[in-house]
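Naming convention: chains lettered A, B, ... in sequence-line order (proteins, then strands); numbering from 1 in each chain.
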Amino acid sequence: MSLLEVENLNVHYGAIHALKGVSLAAEEGGIVTLVGANGAGKSTTLRAISGLIKPSAGSIRFRGKSLVGVKPHEIVREGVSHVPEGRIVFANLTVLDNLEMGAYLRKDRAGCVEDLKKVFRLFPRLDERRRQAAGTLSGGEQQMLAIGRALMAKPTLLLMDEPSLGLAPILVREIFSVIREIRSQGTTIVLVEQNARLALATADRGYVLETGSVRMSDRAQVLLESPFVQAAYLGGPG
Amino acid sequence: MQEFLQQLANGVAWGSIYALIALGYTMVYGILRLINFAHGDIYMVGAFAAYFLARAMGVGTVVEASPLVAAAVLLGSMVICAALGVLIELFAYRPVRRSSRITALITAIGVSLFLENAGIRIFGADPKFFPQVIAPRTIALAGGVMVTNHQIMVVVVSVLLMVALTLFIQKTRTGKAMRAVAFNRDAASLMGIPVDRIITITFAIGSALAAAAGFLVGLTNPKIEPLMGIMPGVKAFVAAVLGGIGSIPGAVIGGLVMGISEYMVVGYISSTYRDAIAFVILIIVLLIKPTGLLGRNVTEKV
């Protein structure tokens, strides 16, 4: 049994059929990436998994337990955290308060203090700016905060939506090395990315989404070498 | 000068009442983007709850109660209104939360009319005399300014409640969660924040503050009736807009400005225009600075 199993997921936005039977699985301890163009349904898939939108059909199972119809904050309690697209840090709260909100459901104070230290080790810049309002951070720092905030919930499964969006190449590399670091500590990751090359190079398994359906799925290395993926998403053989 | 200071003192006391009511408007707006038009009527219910509680505790129209009884009446009416606010949110606003904003707005107007007419039906349309929970005394301040002990109590209780509210919102986990939900509901729920419960708490606190205002008004203007919430409700709404709706310090400043300008109009122009000044201020704010004094310029995302 995989940690996360999504089967035949369908989502409608009003009359628009955004997901048409997406199936995917994430194995414990791995990185799965969803790549595809704008509007392919990558974010929609993540939003359905974390309960922000209700699927019209299909099943989502996490550790064998159905997540369909479960409220978002209950899904967090189950161990699924979601770093949303566009970061959406609480601009009016300090860095420290943002991280505290990430641990909202946790009761183990000692564990939280320990995890806070861990986040600051991962992102020393956040430590320097802990008393600053999150809205005053740069884009890269906000992305770090969004990731750190999600980690404070101590997730088993981390959903990441476009962590590289709008960041300078050097920051993108930094974020991706953190993603590998998070995985090495045992957290399973589902990564949505437009930067298909980097995503596939980091992931174990990949799914190519096109207009709401899975076009291809395979080991990430295989997809990286596939002529179709190269032509459509990696700008030709390279 | 003495006249000015006298009107200033009256205005600050009256403005504190507006500020307490305005806080409820601004908190609910901040978290739901909903103008809770029933809020002024919750304040009315607060005054009546205090009225019945005081009578039940044996406070007559002339017999003075002990401070302990006064505090019990105040807290009791706050609890009753907190429960009323929670019920209103649960049965009236939650079902239309995913609908358009105009639907929610019309629902709020409906709740307001419901409370007013239920009040007339249950309490009767005749004004009632609010029991003298605390006997009035006049105190002379420096410069020949005369204030009543009620006015002082209004200011003191309001300040205490506002300080408590500010500490709660800035320092506690629930308070921070309220700000997180106000900033972005989806992102808050992704952090494990139970958004529905936070909204419930917001309504409870806002309504309790309105009840405190109802009690304090009962002390200073001891004539209460079921439609008493309409005008202060509208003025407190203007106060919230003036301060920048969604901003808590803004609501306090807006309330004080409203109260002071009202008494300045009474003192220097004519009490006929007492109610008009609120709308003059509203028009000026909407023309010059629609986001209010402390409001942020929020661009709506498409």
Side-chain angles (χ1 to χ4, degrees), chain A residues 14 43 46-47 49-54 70-107 109 112 133-135 142 145-155 157-161, chain B residues 26-27 29-31 33 90 94 97-100 165-202 243-251 291-292 294-302:
Chain A
S43 296
L46 291 196
R47 291 170 65 82
I49 295 171
S50 52
L52 289 177
I53 40 179
K54 222 173 130 60
V70 181
K71 290 204 165 154
H73 72 270
E74 294 294 341
I75 291 177
V76 176
R77 201 191 292 279
E78 293 293 328
V80 181
S81 281
H82 183 157
V83 184
E85 185 179 6
R87 325 186 237 280
I88 325 190
V89 294
F90 303 121
N92 49 342
L93 270 62
T94 64
V95 167
L96 208 56
D97 287 346
N98 266 273
L99 294 170
E100 188 190 339
M101 287 299 104
Y104 189 83
L105 290 171
R106 291 177 62 179
K107 301 268 180 276
R109 284 201 78 73
C112 287
Q142 290 194 9
L145 180 56
I147 296 172
R149 188 178 62 171
L151 289 176
M152 286 303 292
K154 212 172 186 176
L157 175 66
L158 185 63
L159 312 174
M160 303 181 90
D161 199 345
Chain B
T26 221
M27 286 170 71
Y29 183 85
I31 216 150
R33 304 290 180 272
L90 190 64
R94 192 168 297 185
R97 200 183 294 157
R98 298 263 165 199
S99 314
S100 70
L165 177 71
T166 306
L167 287 176
F168 175 77
I169 287 184
Q170 295 295 333
K171 301 287 176 202
T172 68
R173 213 167 57 118
T174 307
K176 290 172 192 171
M178 280 169 69
R179 286 191 287 150
V181 173
F183 184 77
N184 188 306
R185 209 186 297 168
D186 276 354
S189 70
L190 290 180
M191 296 305 110
I193 296 171
V195 171
D196 282 340
R197 194 187 311 159
I198 298 295
I199 291 172
T200 301
I201 293 170
T202 307
I245 192 145
S247 158
I248 283 176
T291 54
L294 302 183
R296 274 172 308 161
N297 207 344
V298 182
T299 41
E300 300 239 337
K301 261 197 300 187
V302 186

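- Neither the backbone nor the side chain of A:Val83 comes within less than 4.5 Å of any heavy atom of chain B.
- Taken to the nearest 0.5 Å, the OH atom of A:Tyr104 stands 15.0 Å off from the CG atom of B:Leu190.
- Residues of residues 72-82 of chain A having a heavy atom under 4.5 Å from any heavy atom of chain B, listed by number: A:Pro72, A:His73, A:Val76, A:His82.
- Between the CG atom of A:Leu93 and the CD atom of B:Gln170 there is a distance of 8.5 Å, given to the nearest 0.5 Å.
- We find the CG-CZ distance between B:Asp186 and A:Arg47 to be 5.0 Å, quoted to the nearest 0.5 Å.
- At a 4.5 Å heavy-atom cutoff, the contact between A:Ala91 and chain B is made by backbone and side-chain atoms alike.
- In this structure, A:Phe90 and B:Lys176 have side chains that are not in contact, with every pair of non-hydrogen atoms separated by 4.5 Å or more.
- Ranked by heavy-atom pairs under 4.5 Å with chain B, the list A:Glu100, A:Arg106, A:Met101, A:Met152 is led by A:Met101.
- For the set B:Ile193, B:Val195, B:Asp196, the entry with the most heavy-atom pairs within less than 4.5 Å of chain A is B:Ile193.
- Residue B:Ala187 comes nearest to A:Ile88 through the heavy atom pair CB-CG2, 3.6 Å, listed as atom of the first residue, atom of the second, then distance.
- For CZ of B:Arg94, the number of neighbouring non-hydrogen atoms (other residues, nucleotides, ligands) closer than 6.0 Å is greater than 12.
- For B:Ala188, the parts sitting under 4.5 Å from any heavy atom of chain A are the backbone and the side chain alike.
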